[in-house]
Undergrad: 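The structure is given below, and queries will be raised subsequently.
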Protein chains: 2
Amino acid sequence: MQPFTVDDAEPTSAVLAVSGPPQIEVREASKLLREVLQLTSAFESKVSSALSVNRRDFDAMQHLIASGPLSPSQIARRLGVTTAAATIIVDRLTAVGHVTREPHPTDRRGVMVVPTPASVDAAMGHVLPLIMGVDRLLDDFTTTERAAITTYLRRVAHVYQEQLR
Amino acid sequence: MQPFTVDDAEPTSAVLAVSGPPQIEVREASKLLREVLQLTSAFESKVSSALSVNRRDFDAMQHLIASGPLSPSQIARRLGVTTAAATIIVDRLTAVGHVTREPHPTDRRGVMVVPTPASVDAAMGHVLPLIMGVDRLLDDFTTTERAAITTYLRRVAHVYQEQLR
DNA sequence: AACTGATAGTCAAATCATTTAGCTAAAAGG
DNA sequence: CCTTTTAGCTAAATGATTTGACTATCAGTT
């Protein structure tokens with residue numbers, strides 16, 4: 001059995017759906033938000049294998065691309081792993097040429113992990129169409145609609161942050 | 001160094017931000033969407049450890065809770081792992097009492113993995129406040145605003161699906 | 001300048017998670 | 001029946017992460 005088939009066109013055998021899912025009723029928008037979450041995960045898996053790295057290493061790459069050079073400890077903090085793990089992640093990324101280790105200019109203990117331009121470009125090639133495609137959607141809405149969408153998302157983020165403490 | 005600190009109140013040393021992040025300009029909403037994605041991941045990690053399971057096993061639980069009893073192969077398909085991995089996931093979930101293995105009523109090869117009511121309740125206790133908190137946000141918008149939000153999310157999902165082929 | 005405590009990065013060994021490959025039993029379709 | 005497919009499992013191999021060192025450096029005290 002190989003992993004990663006995304007179908008799930010399961011018959012589900014509606015007859016057997018005794019003790020089925022508990023019915024939590026939420027609105028369309030809430031369901032769609034959840035769906036986008038799932039799709040993101042699938043998308044990132046796809047890009048990861050396109051760049052020949054595992055999900056975790058790609059996650060590190062995303063941070064490096066979004067924020068520029070980071071130290072191994074910063075990477076560790078952002079990914080929620082130990083610094084030992086970060087060392088190994090940087091080892092793997094270095095091995096495939098996605099990053100280089102540069103000496104930290106002022107702290108001689110430190111290391112700066114710098115994404116290579118070629119890899120940034122490669123990653124961008126996969127990710128930009130999505131980012132831009134999503135951003136362009138906003139053009140089809142009126143100013144007030146756009147404002148509502150932004151406010152909604154800001155509040156969603158806020159609810160998440162609340163629940164995170 | 002322990003994992004999972006969520007702060008990242010890094011000084012970032014604005015001076016050193018030479019070769020900084022490439023500036024891809026997108027609108028507020030797009031950034032917020034990305035932020036919600038990150039927060040979701042943090043939230044799920046938190047709930048996972050509250051339920052004493054790893055992220056993957058919690059992912060399986062989410063599917064079981066959302067869809068009701070599933071076979072190990074269905075779990076494997078949904079998580080994108082091998083059926084061997086699914087066996088082990090179900091082993092671990094069984095060990096901590098989150099699921100039971102029941103014989104499939106009609107297929108004697110098959111197994112139904114059933115989430116235990118207590119664990120469903122426990123998981124719901126963590127997840128429902130978030131789900132409901134997010135869904136309630138919609139009440140503060142007008143009908144047309146709500147429609148815009150829903151349409152936006154539907155289209156976002158669509159763009160993701162496009163990029164997934 | 002010399003001490004102390006914290007921080008940065010790494011390594012080796014142990015632990016945990018997943019895949020690969022192979023196996024048995026049962027179902028499904030000629 | 002007979003063949004092929006499907007479901008689930010196991011054991012061994014591989015991968016990934018943590019734990020617990022250890023060294024070098026930094027930053028603040030005195």
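Remember, it's a predicted structure, so these values are computed and weren't measured experimentally.
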Undergrad: Could you give all pairs that pass the salt bridge (Lys or Arg N to Asp or Glu O under 4.0 Å) test and reach residues 141-154 of chain A, with sequence neighbours left out?
TA: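 Only A:R154-B:E28 qualify under salt bridge (Lys or Arg N to Asp or Glu O under 4.0 Å).
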Undergrad: Between atom CZ in A:R108 and atom C1' in D:dC26, what is the gap in whole Å?
TA: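 Nearest whole value for this atom pair: 10 Å.
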Undergrad: Mapping A:D107 and A:A85 onto DNA chain D by nearest heavy atom, which one lands closer to the 5' end?
TA: A:A85
Undergrad: Whole Å only: how far is the CZ atom of A:R55 from the P atom of C:dT19?
TA: 14 Å
Undergrad: What are the two closest heavy atoms between A:V111 and A:P72, and how far apart are they?
TA: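 Closest heavy-atom pair between A:V111 and A:P72: O-CD, 3.4 Å.
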Undergrad: Write out a two-atom table: protein N or O, nucleotide N or O from nucleotides 9-11 of chain D, distance below 3.5 Å.
TA:
| from | atom 1 | to | atom 2 | distance (Å) |
| --- | --- | --- | --- | --- |
| D:dC9 | OP1 | B:R101 | NH1 | 2.7 |
| D:dC9 | OP2 | B:T87 | OG1 | 3.2 |
| D:dC9 | OP2 | B:R101 | NH1 | 3.1 |

Undergrad: Identify, with sequence neighbours excluded, every residue that meets salt bridge (charged side-chain N to carboxylate O under 4.0 Å, His left out) alongside A:E44.
TA: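 Residues passing salt bridge (charged side-chain N to carboxylate O under 4.0 Å, His left out) with A:E44: A:R55, B:R34.
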Undergrad: When the distance from CZ of B:R56 to P of D:dT17 is rounded to whole Å, what number comes out?
TA: 12 Å
Undergrad: Excluding sequence neighbours, so at least two apart, what forms salt bridge (charged side-chain N to carboxylate O under 4.0 Å, His left out) with B:R56?
TA: none
Undergrad: Quickly work out the B:H104 NE2 to D:dT6 P distance and round it to whole Å.
TA: 15 Å
Undergrad: Take atom CZ of B:R109 and atom P of D:dA7, then tell me their distance rounded to the nearest Å.
TA: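 The answer, rounded to whole Å, is 6 Å.
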Undergrad: Who passes salt bridge (charged side-chain N to carboxylate O under 4.0 Å, His left out) against A:D59, sequence neighbours left out?
TA: none
Undergrad: In whole Å, I'd like the distance from the CD1 atom of A:I75 to the P atom of D:dT17.
TA: 13 Å
Undergrad: List in chain and number order the residues that pass salt bridge (charged side-chain N to carboxylate O under 4.0 Å, His left out) with B:R136, two or more places apart in sequence or in another chain; answer none if no residue qualifies.
TA: none
Undergrad: Give the rounded distance in Å between these two atoms: CG of A:D57 and P of D:dG15.
TA: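 A:D57 atom CG is separated from D:dG15 atom P by 13 Å.
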Undergrad: Output the rounded distance in Å from CG (B:N54) to C1' (C:dC16).
TA: 9 Å
